[in-house]
A.B. asks: 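This is the structure, below, for whatever I ask next.
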Amino acid sequence: MEKLQQIRGTHDLLPQDWARHHYIAETARRMAEWHGFAAMATPMIEFRDVFVRAVGEATDIVSKEMFRVTPPSTEDGGHEREAMVLRPENTAAIIRAVMNGGLTEQMPQRLFYYGPMFRYERPQKGRLRQFHQIGAETLGVFSPMADIELISLAAGILREILPDGGRGQFRLLLNSLGDSESRANYRDALVEHFGGGKFALSETSRERLLKNPLRILDSKSPEDQLAIQTAPQLINFLNEPSRAFFARVQDGLSALGIDPMVESKLVRGLDYYSHTVFEFVTDKLGAQGTLLAGGRYDGLMAAMGGPALPGIGWAAGVERLAELIDSAKIPTPRPPILLICFGSDAVENRGMALANELREKGFVVEMAMQQPDHKRLQKALQHANRVGTEFSLIMGPDEFLSDMIEVKNMANRESHKIAVAELPSFLAKMP
RNA sequence: GCGGGUGUAGCUCAGUCGGUUAGAGCGCUAGAUUGUGAUUCUAGAUGUCGCCGGUUCGAUUCCGGUCACUCGCCCCA
C-alpha cells in the first residue's frame, strides 16, 4: 500500500511540538486575561461573505487564498445560499460572532482567541496552509488607550516567551492611516502621483491603483521603488484629529517604555484598517518576518452590517513564534510514578485500583503496559527510565498475596517493600 | 501563480564516475541477566534508493515527467 501522506502545507503537532504551541497559546491567553480579555472561539468554517465584507474582495486572501468547503450533497434543493470557506483569519468571524451573540450591547469587549487558520498559499518557511494564530481584539473603544493597551499586551507577550526577554529579537513598526477623511485625501494624492504617467509601474501596482492605491506602498517590485520613494507621505495628510490620535498613541507607548519605529509605508494587507497600524517583525525567520501584526478598524463593524462601533486587534503566527521561543521556558510535565503489576488479572485489577487511589491524592501515576512476563521486569523498568520516573512501584504475585508493594528509587537503585496501606504517606514524604 | 535546492532504513545522513549481496551512527529486537532499569558486551532485523516513464545488455545512479519536502519571489501571521 502506498504511504498515506499529509496534506501539503499542514504540520502534525507531535507531543513535543504540541507542548510548544500550548505554551505559547496558554501564556498569551493568561497574559491577556490579566488585562481583562476573555477567551472565545468561532467555528473554523464560515460563509465566504463574512470575509468578503470584512477583509475585502480585492485582497489576495479573499480573492485566491480561501479553501472552499463543499458539502457532500446538495440534495436539499440548493439551500447552500452562499459558499462556505475555511477561515483565513479570525477578526471577521469574531466580529460576526459578537454581533450575532448580542455582545454589541455590552461594550467594551476585550476578546482573545487561539486556533487554526487556513490559506491556500505556496508553503515555505513560516508560511503554512494550516497555521495557528493567537489574537486579541478590543471592541467599542474610540480612545487611543485601547491602542496603547493592545500594543503593550503584544509586546509583553513577546517579551515573556522570547529568549532574553525579547531583547534584540524583534522591532515594532508603527504607522497611522488616519480617519476616513485623511485616508481619502491621501488616496487622491497617491492616485495623482502614481497615475500621472510619470512612472512605469508593475502590473500588480497598476491594478492596485484602481482598487487600493495604498497597497502600492507595500510593493517590493524594483520597478516601483522610485515611484514609492518619491510618493507623498501619509503623515502629511492626516487631519488634526488623526494627528492628535497618533500622537497620543506614541506618547502612551513611550510612557510604557515601548518605542516603535514610525514606518510611513506600513499600510498592511487588509482593507479594514484605519488610524493605528503596527507590526512586530524579526529578522530571524527569513522571508516571513512578521511575528504579530494588527491595527484599528473603526469602520469594520458597520461595513459588516452592524452598529458603527470601533475596534482594534492583532494576530500572531504561533508557528513563527514557536521557532523563536526559549525552549527552556516550556513547562515540563511532572514525571509519573510508574506502577508495574503482573502475574494475574487479580494483581492487575488491584494495581489499577491503587493507581486511581494515588491519583485522587494528587500523584501522577502511569500503569506499566509492557506486559512483563512474571519472570522479567526489564522492559517495564526500561520504560521507567524513558519516562523519567523517580519511583517505580512493583507488585507481583508475592506482594499481592501479602498486601505489600515494592517501592524502587530509580536514582539510587534501592528498593524495599512496604504495606500498600502505607504507600500514600510514604510517597508524600518523598521530595 | 513563478523560480532554485532536496528526496537512500523508524531518525540523521554517507554512497554508487551506470554493474552482480546498498552502508554508518542513533534507535529497534534478542541474549549475556528465568522478579529488577542507567553502563557494557554479543548477535539480529530492517529499504519497492519518492513515484511513473525513457535511454541502456543492465538504472538507486543518466534523461524527462510527476508528487512531496524545502528555500526564495509574491503575499502574509
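A note on names: the letters A, B, ... follow the listed sequences, proteins ahead of strands, and every chain is numbered from 1. Computed from a predicted structure; not experimentally measured.
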A.B. asks: Base, sugar-phosphate, or nothing for A:Gln124, non-hydrogen atoms under 4.0 angstrom?
C.D. replies: base
A.B. asks: Of the nucleotides B:rG37, B:rC74, B:rC76, which one has an atom closest to the side chain of A:Thr290?
C.D. replies: B:rC76
A.B. asks: Determine the contact category for A:Met410: base if any of its heavy atoms lies under 4.0 Å from a base atom, sugar-phosphate if only primed atoms, P, OP1 or OP2 are that close, otherwise nothing.
C.D. replies: base
A.B. asks: Between B:rU39 and B:rU6, how far is it from one C1' atom to the other, in whole Å?
C.D. replies: 39 Å
A.B. asks: Parallel under 30°, tilted from 30 to 60°, perpendicular over 60°: which one fits the rings of A:Trp18 and A:His22?
C.D. replies: parallel
A.B. asks: In terms of side-chain heavy atoms of A:Phe131, which of B:rA77, B:rC75, B:rU33 is nearest?
C.D. replies: B:rA77
A.B. asks: For the C1' atoms, the ones on B:rA14 and on B:rU60, what distance do you get once it is rounded to whole angstrom?
C.D. replies: 14 Å
A.B. asks: Rounded off to whole Å, could you give me the CD-to-P distance for the A:Glu319 and B:rU70 pair?
C.D. replies: 12 Å
A.B. asks: Across the strands shown, which category fits A:Glu65 at heavy-atom distances under 4.0 angstrom: base, sugar-phosphate, nothing?
C.D. replies: sugar-phosphate
A.B. asks: Can you confirm if the aromatic rings of A:His416 and A:Phe426 lie within a centre distance of less than 6.0 Å?
C.D. replies: yes
A.B. asks: Checking base pairs now: Watson-Crick or wobble, both atom distances under 3.5 Å. What partners B:rG72?
C.D. replies: B:rC2
A.B. asks: Categorize A:Ala411 for me: base, sugar-phosphate, or nothing, with a 4.0 angstrom heavy-atom threshold over every strand shown.
C.D. replies: base
A.B. asks: For A:Glu121 and A:Glu406, take the nucleotide of RNA chain B holding the closest heavy atom to each; which residue's nucleotide lies nearer the 5' end?
C.D. replies: A:Glu406
A.B. asks: Can you figure out which of B:rA30, B:rC28, B:rG37 approaches the side chain of A:Lys408 most closely?
C.D. replies: B:rG37
A.B. asks: From C-beta outward on A:Lys125, which listed nucleotide comes closest to its side chain: B:rA77, B:rG37, B:rG72?
C.D. replies: B:rG72
A.B. asks: Rounded to whole Å, please give me the gap between CG in A:Leu14 and C1' in B:rG10.
C.D. replies: 13 Å
A.B. asks: Between A:Arg334 and A:Val364, is there a donor-acceptor pair closer than 3.5 Å when you use the side chain of the first and the backbone of the second?
C.D. replies: no
A.B. asks: Does any donor atom in the side chain of A:Glu149 or A:His35 lie under 3.5 Å from an acceptor atom in the other side chain?
C.D. replies: no
A.B. asks: Is the centre of the A:Tyr186 ring less than 6.0 Å from the centre of the A:Phe237 ring?
C.D. replies: yes
A.B. asks: Quote, to the nearest angstrom, the P distance that separates B:rC62 from B:rG15.
C.D. replies: 13 Å
A.B. asks: In a table with atom names and distances, give each donor-acceptor pair under 3.5 Å that connects a side chain of residues 340-347 of chain A to protein atoms at least two apart or in another chain.
C.D. replies:
{"residue": "A:Ser344", "atom": "OG", "partner": "A:Ala346", "partner atom": "N", "Å": "3.3"}
{"residue": "A:Ser344", "atom": "OG", "partner": "A:Val347", "partner atom": "N", "Å": "3.2"}

A.B. asks: Between A:Tyr297 and A:Thr91, is any pair of side-chain heavy atoms under 4.5 Å apart?
C.D. replies: yes
A.B. asks: Nearest to the side chain of A:Arg127 - B:rC28, B:rC75, B:rA30?
C.D. replies: B:rC75
A.B. asks: Can a side-chain donor-acceptor contact be found between A:Glu406 and A:Ser415 if the only test is distance below 3.5 angstrom?
C.D. replies: yes
A.B. asks: Using the C1' atom as the point on both nucleotides, what is the distance between B:rU46 and B:rC26, in whole Å?
C.D. replies: 14 Å
A.B. asks: Classify the nucleic acid contact of A:Leu321 as base, sugar-phosphate or nothing, counting any heavy atom under 4.0 Å across all strands shown.
C.D. replies: nothing
A.B. asks: Report which part of the nucleic acid A:Asp60 touches: base, sugar-phosphate, or nothing (heavy-atom distance under 4.0 Å, all strands).
C.D. replies: sugar-phosphate
A.B. asks: So which atom in A:Phe278 and which in A:Thr276 form the shortest heavy-atom distance, rounded to 0.1 Å?
C.D. replies: CD2-CG2, 4.2 Å
A.B. asks: Would you measure the distance from the P atom in B:rU70 across to the matching atom in B:rG53 and give it in whole Å?
C.D. replies: 28 Å
A.B. asks: Run the side-chain donor-acceptor check on residues 258-265 of chain A: report pairs under 3.5 Å with partners two or more places apart or on a different chain.
C.D. replies:
{"residue": "A:Glu263", "atom": "OE2", "partner": "A:Lys265", "partner atom": "N", "Å": "3.4"}
{"residue": "A:Ser264", "atom": "OG", "partner": "A:Gln233", "partner atom": "OE1", "Å": "3.0"}

A.B. asks: Can you check the A:Leu292 CG to B:rC76 P distance for me, whole Å?
C.D. replies: 16 Å
A.B. asks: Rounded to whole angstrom units, what separation is found between the CG atom of A:Leu266 and the P atom of B:rC76?
C.D. replies: 11 Å
A.B. asks: In whole Å, what is the span from the NZ atom of A:Lys417 to the C1' atom of B:rU36?
C.D. replies: 11 Å
A.B. asks: Take the protein atom CD of A:Gln133 and the nucleotide atom P of B:rA77, then report the distance between them rounded to whole Å.
C.D. replies: 7 Å
A.B. asks: Would you list the protein and nucleotides 65-69 of chain B atom pairs, both N or O, that sit under 3.5 Å from each other?
C.D. replies:
{"residue": "B:rC69", "atom": "OP1", "partner": "A:Gly9", "partner atom": "N", "Å": "3.4"}
{"residue": "B:rC69", "atom": "OP2", "partner": "A:Arg8", "partner atom": "NE", "Å": "2.9"}

A.B. asks: Taking atom C1' in both B:rG7 and B:rG31, compute the distance separating them and give it to the nearest angstrom.
C.D. replies: 37 Å
A.B. asks: For A:Gly135, answer base if it contacts any base atom (sugar-phosphate contacts may also be present), sugar-phosphate if it contacts only those atoms, and nothing otherwise; contact means non-hydrogen atoms under 4.0 Å.
C.D. replies: nothing
A.B. asks: Grab the CG-C1' distance between A:Leu338 and B:rU36 for me, whole Å please.
C.D. replies: 13 Å
A.B. asks: Please classify the nucleic acid contact of A:Ala293 as base, sugar-phosphate, or nothing, using heavy-atom distances under 4.0 Å.
C.D. replies: sugar-phosphate
A.B. asks: Distance check needed: B:rG31 P versus A:Gln382 CD, whole Å only.
C.D. replies: 11 Å
A.B. asks: Distance between the P atoms of B:rC69 and B:rC75, in whole angstroms?
C.D. replies: 23 Å
A.B. asks: Mind checking if A:Leu128 touches a base, just sugar-phosphate, or nothing, with heavy atoms under 4.0 Å?
C.D. replies: base
A.B. asks: Could you work out the separation of B:rU55 and B:rU61 based on their P atoms and round it to a whole Å?
C.D. replies: 15 Å
A.B. asks: Which nucleotide, in any strand shown, forms a Watson-Crick or G-U wobble pair with B:rA59, with both distances under 3.5 Å?
C.D. replies: none
